[in-house]
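Report on one structure; see the data block that follows.
Protein chains get the first letters and strands the later ones, always in sequence-line order, with residue 1 at the start of each.
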Number of protein chains: 2
Amino acid sequence: MTRPSSRPRDRGIPEATVARLPVYLRALHGLTDRGVPTVSSEELAAAAGVNSAKLRKDLSHLGSYGTRGVGYDVEYLIYQISRELGLTQDWAVAIVGAGNLGRALANYGGFVSRGFRIAALLDVQESLVGAEVAGLRVEHSDQLEAVVRQRRVSIGVIATSAAGAQTVCDRFVSAGVTSILNFAPVVLNVPEGVDVRKVDLSIELQILAFHEQRKAAGALGPDWNVSVEPPPAPPERVGGRIPVDAVDAAEEEGR
Amino acid sequence: MTRPSSRPRDRGIPEATVARLPVYLRALHGLTDRGVPTVSSEELAAAAGVNSAKLRKDLSHLGSYGTRGVGYDVEYLIYQISRELGLTQDWAVAIVGAGNLGRALANYGGFVSRGFRIAALLDVQESLVGAEVAGLRVEHSDQLEAVVRQRRVSIGVIATSAAGAQTVCDRFVSAGVTSILNFAPVVLNVPEGVDVRKVDLSIELQILAFHEQRKAAGALGPDWNVSVEPPPAPPERVGGRIPVDAVDAAEEEGR
DNA sequence: GATTGTGAAGAATTTCACAGCC
DNA sequence: GGCTGTGAAATTCTTCACAATC
């Protein structure tokens with residue numbers, strides 16, 4: 001089903017582009033703060049840490065908002081990107097977990113700034129309930145469904161331990177939340193149509209470790225990391241194996 | 001230059017694969033905890049939230065560690081992935097910024113567990129120096145270089161405000177750190193050879209908002225979000241533009 | 001003269017589908 | 001019979017390079 005081109009842009013923006021738009025937006029805000037009215041793709045690309053051809057291709061997916069020979073009007077581009085990202089409306093966010101991480105998130109200024117509003121901060125732990133964090137009172141997790149419905153929460157943030165995360169996720173989903181940002185180190189199971197994004201500290205560290213190791217490896221010969229320890233349990237093939245079927249117990253899923 | 005295949009695996013593992021290995025590793029740890037000795041690509045893929053062909057292709061880059069008709073030995077695969085990621089040695093990590101986020105990171109259990117050790121927690125703010133967090137004493141940021149050298153820090157974590165991040169980064173780099181994990185909402189400038197990974201809350205939220213908006217858009221007609229507000233300053237093309245050269249201007253400043 | 005917007009080439013990644021092995 | 005490992009196809013993403021436009 002292709003539209004007859006009444007509209008200059010194709011609404012299907014590549015995922016990779018979507019992931020960079022927020023970066024451009026931040027760079028553009030930096031430019032307005034400095035009073036810069038216009039910027040070339042080269043300059044903006046440098047500020048955003050990408051290559052300029054990529055920037056231009058990305059922006060071209062939104063429409064033709066630049067001027068050849070001149071560049072992009074900073075304010076105008078900010079508006080267009082914001083609109084594309086849906087930041088011209090504001091989104092109510094609920095954070096579950098009021099530990100250090102949840103509090104850090106609640107206090108994070110940039111969080112609230114453009115388009116997002118923290119509607120609730122919840123925790124199971126009684127001793128935290130009632131505490132004030134970033135101008136909000138911590139509420140009990142029991143209130144999750146009520147809060148989501150009454151305050152029109154559309155994005156749920158999970159800042160609990162790994163153990164509690166799936167339960168919180170299920171409750172968000174059944175209360176109607178379809179966008180979840182997960183900080184707990186688990187893979188969440190969600191039905192079709194729900195978006196989950198994951199932020200995982202230890203994964204990032206492990207990726208860095210991999211590259212760091214490679215750099216070190218260059219200095220030594222190849223094969224430098226072969227059997228630094230006794231090759232542990234060679235694939236000993238013996239007993240019958242236990243199927244992993246009782247995994248979720250919940251009925252979910254097939255392929 | 002292709003090696004004569006003395007070694008089963010090519011050392012050039014695709015970046016996309018590297019980013020998934022930690023996820024597999026976590027799923028595998030979950031399986032050992034439940035006493036599962038062997039797992040098929042289908043099962044492991046489900047636990048990791050990816051498709052099984054992708055999983056097999058990823059693992060094939062490390063070598064041939066499965067058994068046809070059977071699957072993968074969980075322990076053995078854990079070892080192989082850990083080794084590939086460089087987790088058989090341990091990495092000293094220094095965290096700069098002892099605010100809520102820095103404290104959350106220091107307390108994060110999974111952080112310390114496999115392969116990583118927090119060697120220092122630093123902050124500029126005098127009132128925080130000396131406080132105890134997760135069994136560590138907060139030290140003054142002045143000590144950064146000394147700490148990096150004395151404690152062989154190889155991964156630096158930046159959990160400061162946006163304003164301070166580049167300075168901290170520069171200091172890490174000049175002290176010899178070549179892997180940096182950045183939580184501050186800025187694009188860091190680093191010389192060639194230094195790896196930076198970025199974790200950015202507001203970017204993740206914006207990506208979610210984009211998709212959330214799309215879901216809502218489906219319910220309404222197309223063009224639903226066109227001019228929800230007066231189309232702001234149409235690209236008015238007037239004054240000469242100011243070049244973006246005075247960019248760094250020495251002083252910090254953020255938003 | 002400068003800079004955008006974009007076809008086309010190239011690279012990387014994902015997925016398919018099946019030969020090969022246990 | 002079941003499951004891995006992998007060529008080949010399909011898809012997505014990046015980069016090049018230049019015509020179109022201001």
Nearest-Å distance, [atom1] ([X]) to [atom2] ([N])?
X	N	atom1	atom2	value
A:L77	C:dT3	CG	C1'	14 Å
A:Y65	C:dG5	OH	P	11 Å
A:L55	C:dT3	CG	P	14 Å
A:L59	C:dT3	CG	C1'	13 Å
B:L44	D:dG2	CG	P	20 Å
B:H61	D:dG7	NE2	C1'	12 Å

Passes side-chain hydrogen bond (donor to acceptor under 3.5 Å, both in side chains), B:D200 versus B:S202? Steps please. CA-CA 6 Å; B:D200 192 315; B:S202 76; 3.3 Å; yes
Who passes side-chain contact (heavy atoms from CB on, under 4.5 Å) against B:S41, sequence neighbours left out? B:S52, B:L55, B:R56, B:Y72
By side-chain contact (heavy atoms from CB on, under 4.5 Å), B:D90 pairs with (sequence neighbours left out) B:R117
Taking OP1 and OP2 of [N], is either one under 4.0 Å from a side-chain nitrogen or oxygen of [X]?
X	N	result
A:Y72	D:dC22	no
A:S41	C:dT4	yes
A:S64	C:dG5	yes

Produce a footprint string for nucleotides 13-20 of chain C: one letter per nucleotide, 5' end first; B if the base is under 4.0 Å from any protein heavy atom, S if only the sugar-phosphate is, - if neither. SSBBB-BB
Would B:I180 and B:I155 count as a side chain to side chain contact (heavy atoms under 4.5 Å, CB included) here? Give the steps. CA-CA 6 Å; B:I180 291 173; B:I155 299 179; over 6 Å; no
From the options C:dT4, C:dT6, D:dT6, select the nucleotide whose nearest atom is closest to the side chain of A:S40. C:dT4
Any donor-acceptor N or O pair under 3.5 Å, side chains A:T178, B:E212: yes
Any carboxylate oxygen within less than 4.0 angstrom of a Lys/Arg side-chain nitrogen, looking at A:E84 and B:R214?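 Yes, this pair counts.
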